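Treat the numbers as computed from the prediction; the structure is a model and nothing was measured. Quick note on labels: first sequence line is chain A, next is B, and so on, each numbered from 1.
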There are 2 protein chains.
Amino acid sequence: MRIGEVADRTGVANRMLRYYEEQELLTPGRHRNGYRDYTESDVRRVETIRDLSASGVPTRFIKIVLDRQADAGAWTSKCDAILADMVRCQIAELDSKISCLTTSREALRSFLDEATLERTVRASAG
Amino acid sequence: MRIGEVADRTGVANRMLRYYEEQELLTPGRHRNGYRDYTESDVRRVETIRDLSASGVPTRFIKIVLDRQADAGAWTSKCDAILADMVRCQIAELDSKISCLTTSREALRSFLDEATLERTVRASAG
DNA sequence: CTTGACCTTCACATCAATGTCAAGGTTTAG
DNA sequence: CTAAACCTTGACATTGATGTGAAGGTCAAG
């Protein structure tokens with residue numbers, strides 16, 4: 001499929017799809033006329049990139065993970081441990097981010113609830 | 001406490017602490033000599049900012065969240081509805097962010113699991 | 001054949017988050 | 001008194017992720 005449809009389906013701007021390609025996170029095929037040609041698998045990949053990127057994971061790192069995913073068999077013993085540690089570290093960071101966001105969310109939520117209650121009370125009292 | 005200690009304790013660069021202050025996310029006191037003076041509560045605030053920021057939450061938004069947390073009682077009747085909508089909107093954004101992070105976490109997790117399995121198999125086979 | 005909606009590349013602009021450096025004040029230790 | 005290690009403000013540079021626009025190719029519909 002062409003770039004426009006991918007952009008529509010993933011919510012990732014046209015421009016960014018080219019950018020990700022430039023960063024070698026993505027390698028869509030080409031039609032004879034030069035248009036990029038994305039597969040369903042590409043779309044899934046874009047969604048992953050979109051999410052990781054929005055989570056503050058740097059594209060360099062995304063690339064590494066995605067590359068490893070491609071040839072899951074090609075771990076060279078030497079780098080295995082290092083990469084695994086990196087991933088574990090990122091997961092830990094994500095965990096801490098999630099809990100932080102959740103806390104913030106809860107704070108806003110309870111704030112909103114209190115405020116709504118406040119207004120309700122005021123409304124029924126006035 | 002002075003800025004250097006805050007930087008050491010939070011891992012947030014000196015420069016960024018000033019930046020956050022400039023963006024009104026933080027308002028440390030001042031010593032007589034002009035040095036910034038941070039409280040323990042400031043440190044906790046910095047940690048929140050650090051995590052939210054690392055999660056890709058823009059500082060503008062962080063400011064709003066933090067502000068709301070601060071003056072939970074200060075709703076003026078006129079703005080109630082508007083403010084409530086804003087907060088609801090922000091909660092929605094946090095929600096989407098959280099699910100995004102969770103998805104990313106799962107992706108990394110399963111990647112790591114597969115890789116580990118792979119190595120285990122290879123190890124016991126070789 | 002023309003028009004409009006796509007697509008291409010290339011380049012420049014912007015914005016937020018940072019690094020870095022200069023010039024100078026303060027405090028503490030020797 | 002001086003040197004080292006802090007701190008201050010201010011300015012400028014960089015980097016990554018984006019927007020935007022120009023100049024032009026492709027294709028389908030009328």
Side-chain angles (χ1 to χ4, degrees), chain A residues 1-39 42-43 45-66 90 93 97 100-101, chain B residues 1-39 42-43 45-67 90 93-94 96-97 100-101 104:
Chain A
M1 90 200 57
R2 290 178 304 177
I3 197 171
E5 188 178 339
V6 179
D8 285 348
R9 283 176 52 183
T10 62
V12 173
N14 216 291
R15 172 70 172 87
M16 291 314 292
L17 291 171
R18 300 204 188 94
Y19 176 69
Y20 292 147
E21 186 178 343
E22 189 185 314
Q23 302 301 306
E24 300 180 286
L25 300 182
L26 210 54
T27 8
R30 293 284 177 151
H31 282 110
R32 271 194 237 91
N33 59 13
Y35 288 13
R36 286 172 180 78
D37 186 16
Y38 297 84
T39 65
D42 283 327
V43 173
R45 197 177 170 96
V46 168
E47 285 163 350
T48 302
I49 296 170
R50 180 241 287 150
D51 287 346
L52 284 169
S53 182
S55 302
V57 179
T59 56
R60 266 189 315 285
F61 185 78
I62 298 178
K63 176 168 162 47
I64 295 174
V65 172
L66 257 34
Q90 282 285 333
E93 274 186 41
K97 289 176 183 175
C100 177
L101 285 174
Chain B
M1 91 200 57
R2 290 181 303 179
I3 197 171
E5 187 178 339
V6 178
D8 284 348
R9 284 177 52 182
T10 62
V12 173
N14 215 291
R15 171 74 173 83
M16 292 314 293
L17 292 171
R18 299 203 189 95
Y19 177 68
Y20 292 146
E21 185 177 344
E22 187 185 315
Q23 301 301 307
E24 301 180 286
L25 300 182
L26 210 55
T27 9
R30 293 284 176 151
H31 281 109
R32 272 195 236 90
N33 60 11
Y35 287 14
R36 287 171 181 77
D37 186 16
Y38 297 84
T39 65
D42 283 327
V43 173
R45 198 178 171 96
V46 168
E47 284 162 351
T48 301
I49 296 170
R50 179 240 289 151
D51 287 348
L52 285 171
S53 182
S55 302
V57 178
T59 56
R60 269 190 314 288
F61 183 68
I62 298 178
K63 174 167 164 49
I64 296 173
V65 173
L66 259 33
D67 284 355
Q90 280 143 20
E93 274 187 45
L94 282 182
S96 105
K97 207 91 200 168
C100 189
L101 284 166
S104 297

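- Residues satisfying the salt bridge (Lys or Arg N to Asp or Glu O under 4.0 Å) criterion with B:Arg2, sequence neighbours excluded, are absent altogether.
- Whole-Å rounding puts the A:Arg50 CZ to D:dT18 P distance at 12 Å.
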* Going 5' to 3' through nucleotides 14-21 of chain C, assign each nucleotide B (protein heavy atom under 4.0 Å from a base atom), S (under 4.0 Å only from sugar-phosphate atoms) or - (no protein heavy atom that close). => --SBBBB-
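- Considering only residues two or more places apart in sequence or on other chains, B:Asp51 meets the side-chain hydrogen bond (donor to acceptor under 3.5 Å, both in side chains) condition with none of them.
- Residues that satisfy the salt bridge (Lys or Arg N to Asp or Glu O under 4.0 Å) test with B:Arg18, not counting sequence neighbours, are absent from this structure.
- In this structure, the side chains of A:Val6 and A:Val12 stay at 4.5 Å or more apart for every pair of heavy atoms.
- Residues satisfying the salt bridge (Lys or Arg N to Asp or Glu O under 4.0 Å) criterion with B:Arg60, sequence neighbours excluded, are absent altogether.
- One interatomic measurement links the two molecules: CZ of A:Phe61 to C1' of D:dG16, which rounds to 18 Å at whole-angstrom precision.
- For the atom pair CD of A:Gln90 and CZ of A:Phe61, the computed distance is 4.0 Å after rounding to the nearest 0.5 Å.
- Contact annotation: the side chain of B:Leu66 approaches that of B:Thr48 to within less than 4.5 Å [non-hydrogen atoms, C-beta and beyond].
- When rounded to the nearest whole Å, the span between CZ of A:Arg18 and C1' of C:dT8 equals 7 Å.
- Within residues 30-39 of chain B, the residues that place at least one heavy atom under 4.0 Å from DNA chain C are, in residue-number order, B:Asn33, B:Tyr35.
- Judged as a side-chain hydrogen bond (donor to acceptor under 3.5 Å, both in side chains), and not counting sequence neighbours, B:Ser96 has no contacts.
- For the pair A:Gln23 and A:Lys63, the minimum side-chain heavy-atom distance is 4.5 Å or more.
- In this structure, B:Arg15 has no side-chain hydrogen bond (donor to acceptor under 3.5 Å, both in side chains) partners at least two apart in sequence or on a different chain.
- From one end of the helix from C:dC1-D:dG30 to C:dG30-D:dC1 to the other, with five pairs defining each end axis, the axis direction shifts by 0° (rounded to 10°).
- Atom CG of A:Leu25 is separated from atom P of D:dT18 by 12 Å (rounded to the nearest Å).
- Within the 4.5 Å cutoff, the side chain of B:Ile62 has no heavy atoms near those of the B:Tyr20 side chain.
- The CD-P distance, from A:Glu22 to C:dT8, rounds to 14 Å in whole Å.
- The side-chain hydrogen bond (donor to acceptor under 3.5 Å, both in side chains) test applied to B:Ser104 returns A:Ser55, not counting sequence neighbours.
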Is there any protein nitrogen or oxygen under 3.5 Å from a nitrogen or oxygen in nucleotides 2-4 of chain C, and what are the pairs?
none

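- Distance, A:Arg2 CZ to C:dA5 P: 13 Å, rounded to whole Å.
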For a quick test of your reading: what N or O donor-acceptor pairs under 3.5 Å do the side chains of residues 25-36 of chain A make, sequence neighbours left out?
residue: A:Arg30; atom: NH1; partner: A:Gly34; partner atom: O; Å: 2.9
residue: A:Arg30; atom: NH2; partner: A:Glu21; partner atom: OE2; Å: 3.4
residue: A:Asn33; atom: OD1; partner: A:Tyr35; partner atom: N; Å: 2.9
residue: A:Arg36; atom: NE; partner: A:Glu21; partner atom: OE1; Å: 2.5

